[in-house]
Amino acid sequence: VTGVQTCALPISRLSYSHLFLLFFVLFNTNVFAESERSSDEKVITCIACHGEKFQGSQILNAPSLADLSELYLQRQIQNFRDGIRGNHPQDIFGQQMKMSSIVLSDQDIELITAYIVNQSKTQLEQTIDGDLEKGEFVFQHCMSCHGEFAEGDMDIGAPKLSGLNDWYLLRQLLNFKNEIRGSHPEDLFGKQMMEMAQMFNEEMLQDVVAYISEEDFSSQDDKEADKN
């Protein structure tokens, strides 16, 4: 056949992130139809990336959710939906979450997060190495908000750091440091974290993530909860 040309970019020129984003757009072709789906069906959409037990998937850049607090999950999904988070052009993965949450109502978010936090916790693989002594030093600056065992304090809007994938935690700290996250005027908690992350260089942020992961604060937090 002559006279027919295509405009498709060679696959080699597309990054993995762009391919995933293209897949996501094709998977959710009709936003208005999505809004009519039940909350149970929308949970299934979450499972597609975050896993059956919400244990996360590094390949899909989807973090573990099962060990996060319900209030924190609600706030972050609402932030994605409302464009407070995932609006920076360099936040490719945040943009994916923004697209998936745009059709969710407040009631949907409440039902989905209630389902997520009732799932079993999973043992997370350690993928980040660092200087644990320096990491402990940096962590001293985190304790006043996030707690002695990184258990968080939702009374002041500080989430748990234990139970998060270390690769995800490091990426978010770097996003805060580089003003990819926390720069939206309505993201008050994000702004606080952005200012805190900018106190340290990238190596020190990697050190503190390695320290939190190595100390297994998630298990310690469970032991403290059992005592109470």
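- Minimum interatomic distance between Val208 and Leu205 (heavy atoms only, all atoms of both residues): CG1-O, 3.1 Å.
- Partners of Ile84 by side-chain contact (heavy atoms from CB on, under 4.5 Å), not counting sequence neighbours, listed by chain and number: Asn79, Asp82, His184, Glu186, Asp187.
- The stretch residues 169-180 participates, sequence neighbours left out, in these side-chain hydrogen bond (donor to acceptor under 3.5 Å, both in side chains) pairs: Asn61-Arg171, Arg85-Gln172, Gln172-Arg181, Glu179-Gln198.
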Donor-acceptor pairs are to be reported for all side-chain atoms of residues 135-146 against protein atoms at under 3.5 Å, with residues two or more places apart or in another chain.
from, atom 1, to, atom 2, distance (Å)
Gln140, NE2, Glu136, O, 3.0
His141, ND1, Phe137, O, 3.2
His141, ND1, Val138, O, 3.4
His146, ND1, Pro159, O, 2.8

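- With His50 contributing its side chain and Gln55 its backbone, the two residues share no donor-acceptor pair below 3.5 Å.
- Sorted by first and then second residue, the ring-ring contact (aromatic ring centres under 6.0 Å, His included) pairs involving residues 59-88 (not counting sequence neighbours) form an empty list.
- Considering only residues two or more places apart in sequence or on other chains, Gln58 meets the side-chain contact (heavy atoms from CB on, under 4.5 Å) condition with Thr127, Trp167.
- Formation of a donor-acceptor pair under 3.5 Å by the Gln126 side chain with backbone atoms of Ser213 is found in this model.
- Across Gly157 and Phe189, no two heavy atoms sit closer than the pair CA-CE2, 3.8 Å.
- The same ILVMFWY cluster, assembled from side-chain heavy atoms under 4.5 Å apart, contains both Met193 and Leu164.
- Under the rule for a side-chain hydrogen bond (donor to acceptor under 3.5 Å, both in side chains), Ser101 has no partner lying at least two apart in sequence or in another chain.
- Applying the side-chain hydrogen bond (donor to acceptor under 3.5 Å, both in side chains) criterion to Ser69, with sequence neighbours excluded, gives no partner residue.
- Nearest approach of Ala62 to Cys49, heavy atoms of both residues: CB-O, 3.4 Å.
- Taking Gln74 as the reference, Thr113 meet the side-chain hydrogen bond (donor to acceptor under 3.5 Å, both in side chains) condition, with sequence neighbours excluded.
- Arg81 pairs by the salt bridge (charged side-chain N to carboxylate O under 4.0 Å, His left out) definition with Asp106, not counting sequence neighbours.
- Phe200 is connected to Tyr211 through a chain of hydrophobic side-chain contacts under 4.5 Å among Ile, Leu, Val, Met, Phe, Trp and Tyr, so both are in one cluster.
- The salt bridge (Lys or Arg N to Asp or Glu O under 4.0 Å) contacts involving residues 199-209 comprise nothing, where partners must be two or more places apart or lie in separate chains.
- Closest non-hydrogen pair, Val209 versus Leu173, comes out as CG2-CD1, 3.6 Å.
- For the pair Leu161/Leu169, a side-chain contact is recorded, criterion being any heavy-atom separation below 4.5 Å from C-beta on.
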inquiry  = One pair to check against side-chain contact (heavy atoms from CB on, under 4.5 Å): Phe54 and Cys46. What are the steps and the verdict?
reply    = CA-CA 8 Å; Phe54 298 95; Cys46 304; 3.9 Å; yes
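- Residues Ile156 and Phe149 fall into different hydrophobic clusters, defined by Ile, Leu, Val, Met, Phe, Trp and Tyr side chains chained together at heavy-atom separations under 4.5 Å.
- Counting heavy atoms from C-beta on, the side chains of Asp166 and Leu170 never come closer than 4.5 Å.
- Evaluation of the side-chain contact (heavy atoms from CB on, under 4.5 Å) rule for Ser183 yields Met194 as partners, not counting sequence neighbours.
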inquiry  = Between Arg75 and Met154, does the side-chain contact (heavy atoms from CB on, under 4.5 Å) criterion hold? Intermediate values first, please.
reply    = CA-CA 11 Å; Arg75 189 174 79 215; Met154 287 311 298; 3.7 Å; yes
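- In the hydrophobic cluster analysis, where Ile, Leu, Val, Met, Phe, Trp and Tyr join through side-chain heavy atoms closer than 4.5 angstrom, Leu124 is grouped apart from Leu132.
- Remark: side-chain polar atoms of Asn165 are paired, donor with acceptor, to backbone N or O of Ser64 under 3.5 angstrom.
- Note on Phe176 and Met204: same hydrophobic cluster, where clusters join Ile, Leu, Val, Met, Phe, Trp and Tyr whose side-chain heavy atoms are under 4.5 Å apart, directly or indirectly.
- In this structure, the separation between CD1 on Ile77 and NZ on Lys98 is 16.0 Å, given to the nearest 0.5 Å.
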request  = Please assess Leu65 against Leu73 for the test side-chain contact (heavy atoms from CB on, under 4.5 Å), listing each intermediate value before the final yes or no.
outcome  = CA-CA 8 Å; Leu65 303 178; Leu73 279 172; 4.1 Å; yes
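- Partners of Asp155 by side-chain contact (heavy atoms from CB on, under 4.5 Å), not counting sequence neighbours, listed by chain and number: Asp153.
- Put simply, the side chain of Asn118 gets close to the backbone of Ala114: a donor and an acceptor are under 3.5 Å apart.
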